[in-house]
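These values consider heavy atoms only, across backbone and side chains, with no hydrogens, waters or symmetry-generated copies. Note on naming: letters A, B, ... go to the chains in the order of the sequence lines (proteins, then strands), and numbering restarts at 1 for each one.
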Amino acid sequence: MGGGFGDTQPFRTAAGGLIDRNRPRDFTFDGRRLTGFHGDTLASALLANGVRLVGRSFKYHRPRGILSAGSEEPNALVELRSGARREPNTRATMAELYEGLEATSQNRWPSLAVDALSVNALLSPVFAAGFYYKTFMWPASLWERLYEPMIRRAAGLGRAADAPDPDTYDRAHAHCDVLVIGGGPAGLSAALTAGRSGARVILVDEDFATGGRLLAERREIGGASGSEWAARAVAELESLPEVRILTRTTLFGVYDHGAYGAVERVSDHLAVPAAHAPRQRLWRIVARRAVLAAGAIERPHVFGGNDRPGVMLAGAVRTYLNRYGVRPGHRSAVFTSSDDGWRTAADILAAGGGLAAVIDTRPSVPPALRRMAEAAGARVVAGGYVAGTKGHLGLSAIQVVDGYHSTETIPCDGLAMANGWNPVVHLDSHLSRRPVWDEAIHAFVPGTLPSGMQAAGAAAGRFTLADCLETGARAGAEAASECGFTATPEAAAKTDPESVDHTPLWRAPKPRGKAFVDFQNDVAASDVELAHREGFRAVELLKRYTTLGMATDQGKTSNLAGLSIMAELTGKGIPSVGTTVFRPPFTPVAIGAFAGHHRGKDFRATRHVPSHAWAEENGCVFVETGLWLRPAYFSRAGETDWLDTVVREVETVRARVGLCDVTTLGKIDIQGRDVLTFIERVCANPFATLPVGKARYAVLLREDGFVMDDGTIARLGETHYVMTASTANAGRVMQHLEFCRQWLWPELDVQLASVSEQWAHYAVAGPRARDTLRRIVDPGFDISNEAFPFLACAEVTVGGGIPARLFRISFSGELAYELAVPAAYGDAAWRAIMQAGLPYGITAYGSEALSVMRIEKGHAAGPEINGQTTARDLGLGGMLAKKKDYIGRLMKERPALVDPDRPVLAGFRPVDPSARLRAGAHFLGRDAEPSLEADEGVMTSVAYSPSLKTWIGIGLIRRGPERHGERVRAYDPVRGAEIEVEICSAVFVDPREEKLRV
Amino acid sequence: MRYSLFNVLGQALRGQRDWTPQWRDAAPQEAYDVVIVGGGGHGLATAYYLAKEHGLTNVAVLEKSHIGSGNVGRNTTIVRSNYGLPGNIPFYERSMKLWKGLEQDINYNAMVSQRGVLNLYHSDAQRDAYARRGNAMRLAGIDAELLDREGVRRLVPFIDFDNARFPVKGGLLQRRGGTVRHDAVAWGYARAASDRGVDIVQNCAVTGIRRENGRVTGVETSRGFIRAKKVALSVAGSSSLLAGMVDMRLPIESHVLQAFVSEGVKPLIDGVMTFGAGHFYVSQSDKGGLVFGGDIDGYNSYAQRGNLHTIEDVMEGGMALWPGLGRLRLLRHWGGIMDMSMDGSPIIDRTDIGGLYLNAGWCYGGFKATPAAGFCFAHLIARDEPHADASAYRLDRFATGHLIDEKGMGAQPNLH
Amino acid sequence: MSEAMTSLWRPRGAWEGAARIGRPGAAAGPAGIRLSLREGFGLATLIAADGKEGGLRTALADRFGPSLPEAGTAVFEGETGLVWSAPGQWLAVAPSPRDLKGLPEALRGVAAVTDQSDSRALVRISGAQARAMLAKGVAVDLHPRAFGPGRVAVTSIAHIGVQFWQRDAGPTYDLTVARSFAGSFWRWLEHAAAEFGYEIEAAEGADQRRLK
Amino acid sequence: MRIRCPFCGERDNGEFSYLGDAAPRRPDGLDASAAAMHDYVYLRDNPAGTLRELWYHAAGCRSWLVVIRDTRTHAIESVEPARDVARARRAATLTGRADHA
């Protein structure tokens, strides 16, 4: 054990690798203190320390180690960090080592080495694919009580954090001419070629070090080592002003029209993010062209016990040796169907490791390679295969069948599998494209790519380094040229020769023990056989029945193995079996990253009314109304609950005067030559007779005849109107009006401007409203009843020349005005009115009191105008125009909508005056059994009426207006109430509207 | 072979050798009494109930791909009957009752799991709207509970009660709601229908519908012409395309709805929860993945995939409701094609063409309806008159005004 | 009206209660972002009547120069300019609402004029990281090749509608957001600017006392 | 998805709201029949393929747009201001030419 790390890192090579041996990093795994180096992943550091057992599988709880060195890892999943930052199912192969890293194994109890549920492995003959569909059915009542809780507890892998995520997430947009996905030789070549042309280039790479396989192999480019070449390429890219390299960034999804999703792990290599830095950043990239250079993923062999810790992908073995300076074992074997295996053997020997055997499934082995292995004391088996493995919690020997079907056991503590590579075709398939089978390389390669996209290097099935450099450069040049830049690929530098010949072995002919296809989900070759037997032969059915490919790795190392076995069983061939659909994300992405800033209070914007500051200073309780925060009521000292307050506010308005912020209403200025024609077509009631200086209630229908919204329209000038819309519908009404203007009647000369934000809008209501406003409106404007009667409107000034609009409109039923002032003066106007009203006992009132008063007046609002009611239902049928065409005119006349049995608006009072009413109660006849058939309607709005000293309600009930005086039950079982009520007029206060006109 | 613990154990000892295909992969016959187009959950359930309830077994289910390849295998597996309008209530309650005994009925464990469906509310107005709905359910004898904030806290203590933009004030709970293993529904019905003699014909795409004198005579398919006395369309997502073959235009648009699953983790949430102020709902599968979703993307699509805008919107809703989700990872997202109807409710009805029946317009609510849709559609096909529980799902309701618009959004499919 | 009441009529800045003068965010080095809060400006929406764009151009020539800016562009002379907002629609910008007085009369018959001086909050964004910060929120390509001085975008940031235009190559942007959204928009600005460090100042016209 | 607004340039589909098929034409006027109105309001071709549809640039210039898009691939063929399309359509109708819009 050389190198001085023998005590702490027994598998670390003496020298070499891209780790920084001067920067040791302490970390813990299951509480055990270990040391690695800067530049390690958690996986490489664990291997360096001789930790091979890392996790337990999903179903059988089999001991599992580290299979790969990349994002395809199915086995080595850990809980990273702890507490609120705990991250379950984190791939040790992707976790960058940092000082103090804390990792815990998962899905085991009581410990990783002694796991009680590993008994499941013994029961594996029972737990075959789909077994649960066939049992747990009797007795039915036990499913939720016993079987399912048991299954749920056993399932899952890691434990999610149990507290809100303390870190922040960022989102950002980026645009480029050429997006290069992958920072290996092909990606770097593409980026260089495109970047040199002046094109805007973004290179994304999921690794923290750029270079891809160049960092993992002992290769030469133009005389330099691969990693040196990569470092030089990166340096040049960084010097180009229009090139941006995003490392630690996974391009996870391809969306329509050149939109891509990527996630940058800004701070995951740190114990906690730096101050003001996000944990991760979600990039939305828009690219005119994309070069897919995401490389390839190596394929495991399918043989008995192929999941035992110590069995690894051959390419991963080389990564650990060459990049991290870690030997995969003391004495390793290589199981290969390709020349790659021999390269692995050579690298093991070069790193001073022991080589136990090389088993090549191909009958002939080049003599030079055989000599190399045998010289190192290794057994060489040609035309044979590994059938099984031995070992308790890790590999101790392999069982090898040679070309003559005789079996031998070869001791070893590491096994490298080389069964060829699959190009990463995931991303090019996200837009519903299917990859195609390439018989020459025994792999799926990109099929027809979406426009603007091309593949290069191993991702295109071009595996040699020379090909990677060449196809990358060409793809980069083409992409840049298509964006209008002059780019020519330079002749690729010379590389050392290599052979990538391979003949895959899809599964061991006679495996010993369970031969796994999908490691994490414990899907074995025998499960694929069972699926075949039971008719689940389509590849999607195979997946769903066995769960093959549904684990956190989404089958990156297993899909092809599964479908190759199905192909063999059906005799159809791999291309006609086909693949399942590749879906985003390429690797799992934190939910927090997608949400970014939008969580907690920032989930959605909060809109403040102009009087917000005053309200906050004056005990206001606010209520969320859509995005608005509206004053609900203004508590004063001595008031014990909200009802006290609301009653006081209502009584003050009815007796004296009150002030309410109604700015949340939508306000739309409508001008133009054809404005009247436009309004006539949009509104269901007539406007032709509305003179300048007058306002009128307005009803808008949807084209299907139901009420869309109501409001007022005031005529400020000959061709100038202003319309209000309800708070909830303001945006929708504006969109509807634009639709009418631009699409339905483009010939009309109409101009629409939203002035919702320009004007602070205040209701001043109550018998002393005029007295109060006289102290606000500038002298010279006569607002007497004679000069400014009910429904008058005018442009006035306030506060000594500030332009304002005044409307004599009432929602409360009292003498009332709505005053609009420029929003910047909203705060001032509010304070001024409160001061002006002091002598009259003014109160501020909020949406609660507003609602009480509108219910007392029987005005329909949101609960009644809910998209299911017609004007007739709301008692507004009489005001609709008879002699004009307007939106909704025809559809409102459909038979069911004019059925006299439809529930229509009425008022309700409790028979027992002390009884409390609740909205949402249904009406039943006094003696009716509760049933849907007996349902006569529903209470839509209720309030305690200070005027009547009892609860009142309005609602929709069959033939309501014909039934005043009749008693029904307001049935409210979800709140345990049933109240006898009397049907009455919906107008409870001042039915003759005398108060409005004084 | 019957599915039972006994047989499962027996087969464990025999290397699982004796299991046979769960349904016959039939070749199409020349003629059938009934041809059902669409081998999804609804089509297979229809076939099963035609055989079981009406003794009709000369029936074929034609599926253009493999069974269960459409929405039955793409949804978020929720079952519930918490509707508020009389046209819907008895139908979905019929479905709940069929779900309850389904597994014993078809001898297939579809993991019908009634762990509750909770809809959160955030304002008094929303509370009253839920009370209205819950009371309607109670009038029909369906369980519904209106919870206050503390009641919700007891069920889901981990959601954001303190720092929420739209504070949770309570919820409407249907305890009998829950989830069902979606694929197993298709497989289980297929097996049960096949056992009763129904032909399940896969890889058989319908390319035309033949008519004579105003009656259907059969269907043209990729595997030849098949005569049929009755043809029943059950092809949600593609309803307009099939109807187009007989020059019918439907009050339906096809839209994409995305769904999401996280990596598997140990149990976090027991039932189903929907966030009334954001576009987000979530449950956890028996495998441990959080299954969640939100609104449809909002544009017509047959592409079975959506875009980033909706994905972000759904995740924002998730984080706003449940800030502990931040470090959990999204594993996979996909899309299904919804028959979005003009009032948000389905159609189970005859058409103007004799012998042609339509089951369509399920919006994103088709999965929970599977047993009742099959049951009622089979009734309609066999007897030529609507089943009482589905009598409101008429095609002419848009002309008569008998709309079933739960959300009150009107004739705009993407708003339902 | 009494003396006491007149003194109450003071405008309130759109950023009041949301933004405070200071230098928050990452502390190392100079601030990457400068945010200048503007108040007191004049804004008006001008919507051309059908077929009257020519007349509008002529009527505006004296105040705003000879041409109406095309879609996605703005013309400015100092703090006075025209900003394209929608087809046939522009935003007139001036140092003070007073500067826009008389426009409705001047444009009678050719355009509808709507005062919007109070409808929006305006912040001037500059600094070395201004573009990077804005790119976090807007899906519009802000690269100099795609978006330079004189360009305008009507879009949204953090689900909030914004309109912004680039004033110079610095780059400096003027960004407006509806007044009622100012507080929430500011929350996003703080989030986006934090990692760069940022400086907030009150521009001329803003009431300094209320922003501290 | 990216939609190229003729006025604002290419934007994410999140800035737009969707109405649907642009083919149905409102039967204007007092002579319109309930049956025609029913078809306009409720019936759709809903093709799998090219669709002319109405989008509204809600977060941008508030233009209604006619987008020609393939519902199978989402590929967009063209985007035009709805007002221009509507005017052309109206002009075509008024001059008595066949309406191809």
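Chain C forms more heavy-atom pairs under 4.5 Å with one residue of A:His608, A:Arg673, A:Glu747 than with any other, namely A:His608. In terms of heavy-atom pairs under 4.5 angstrom with chain C, the leader among A:Glu616, A:Arg831, A:Arg774, A:Arg604 is A:Arg604. Taking chain C as the reference chain and counting heavy-atom pairs below 4.5 Å, the highest number among A:Cys176, A:Ala829, A:Ala613, A:Pro278 is found for A:Ala829. Here A:Ala823 is the residue among A:Ala172, A:Ala823, A:Ala828 with the most heavy-atom pairs under 4.5 Å with chain C. Note: C:Val140 leads C:Val140, C:Leu43, C:Thr45, C:Leu134 in heavy-atom pairs under 4.5 Å with chain A. Interface summary for chain A: among C:Glu195, C:Met133, C:Lys136, the most heavy-atom pairs under 4.5 angstrom belong to C:Lys136.
Summarising the geometry of A:Thr168 relative to C:His191, their closest heavy-atom pair is CB-CE1, 4.5 Å, with the distance given to 0.1 Å. Shown here for C:Ala49 and A:Gln751, the closest heavy-atom pair between the two residues is CA-NE2, 3.4 Å. Closest approach of A:Val755 and C:Thr114 over heavy atoms only: CG1-CG2, 3.3 Å. Scanning all heavy atoms of the two residues, the minimum distance from C:Arg187 to A:His597 falls at O-CE1, 3.6 Å. Between A:Ala824 and C:Arg179 the shortest heavy-atom distance is CA-NH2, 3.2 Å.
We find the CH2-CG distance between C:Trp9 and A:Asp827 to be 10.5 Å, quoted to the nearest 0.5 Å. For the atom pair OH of A:Tyr825 and CZ of C:Arg12, the computed distance is 14.0 Å after rounding to the nearest 0.5 Å. For the atom pair CG of A:Asp177 and CZ of C:Arg145, the computed distance is 6.5 Å after rounding to the nearest 0.5 Å. To the nearest 0.5 Å, atom OG of residue C:Ser184 and atom NZ of residue A:Lys601 are 11.0 Å apart. Note that CH2 of A:Trp628 is 3.5 Å distant from OG of C:Ser180, once rounded to the nearest 0.5 Å. In this structure, CZ on C:Phe181 lies 6.5 Å from CD on A:Glu757, to the nearest 0.5 angstrom.
Heavy atoms closer than 4.5 Å to chain C are found nowhere in A:Pro273, neither backbone nor side chain. No part of C:Ala86 comes within reach of chain A, as not one of its non-hydrogen atoms sits under 4.5 angstrom from that chain. Within the 4.5 angstrom heavy-atom criterion, only backbone atoms of A:Ser754 (N, CA, C, O) approach chain C. Residue contact with chain C, scored on non-hydrogen atoms closer than 4.5 Å, involves the backbone of A:Leu752 exclusively. With a 4.5 angstrom heavy-atom cutoff, C:Val113 touches chain A only via backbone atoms. For C:Ala178, the parts lying near chain A are the backbone and the side chain together; criterion is any non-hydrogen pair under 4.5 Å. Contact annotation for C:Ile47: both backbone and side-chain heavy atoms come within less than 4.5 Å of a heavy atom of chain A. A:Asp669 touches chain C through its side chain: at least one heavy atom from C-beta onward sits under 4.5 Å away, while N, CA, C and O do not. Contacts between A:Leu748 and chain C at a heavy-atom distance below 4.5 Å involve the backbone alone (N, CA, C, O).
Annotation: A:His598 is in aromatic contact with C:His159 [ring centroid separation under 6.0 Å].
For A:Arg284, the side-chain contact (heavy atoms from CB on, under 4.5 Å) partners are A:His173, B:Leu308, B:His309, B:Glu312, D:Asp12, not counting sequence neighbours.
Within the structure, the salt bridge (Lys or Arg N to Asp or Glu O under 4.0 Å) test picks out the following pairs touching residues 100-128 of chain C (sequence neighbours left out): C:Glu79-C:Arg124, C:Arg124-C:Asp174.
Between the side chain of A:Gln758 and the backbone N or O of C:Ser119 there is at least one donor-acceptor pair closer than 3.5 Å.
The 12-atom threshold is exceeded at CZ of C:Arg23, counting heavy atoms of other residues, nucleotides or ligands nearer than 6.0 Å.
Look at A:Arg200 and C:Asp141 and you find a salt bridge, because one of the NZ, NE, NH1 or NH2 atoms lies within 4.0 Å of a carboxylate O, short of that distance.
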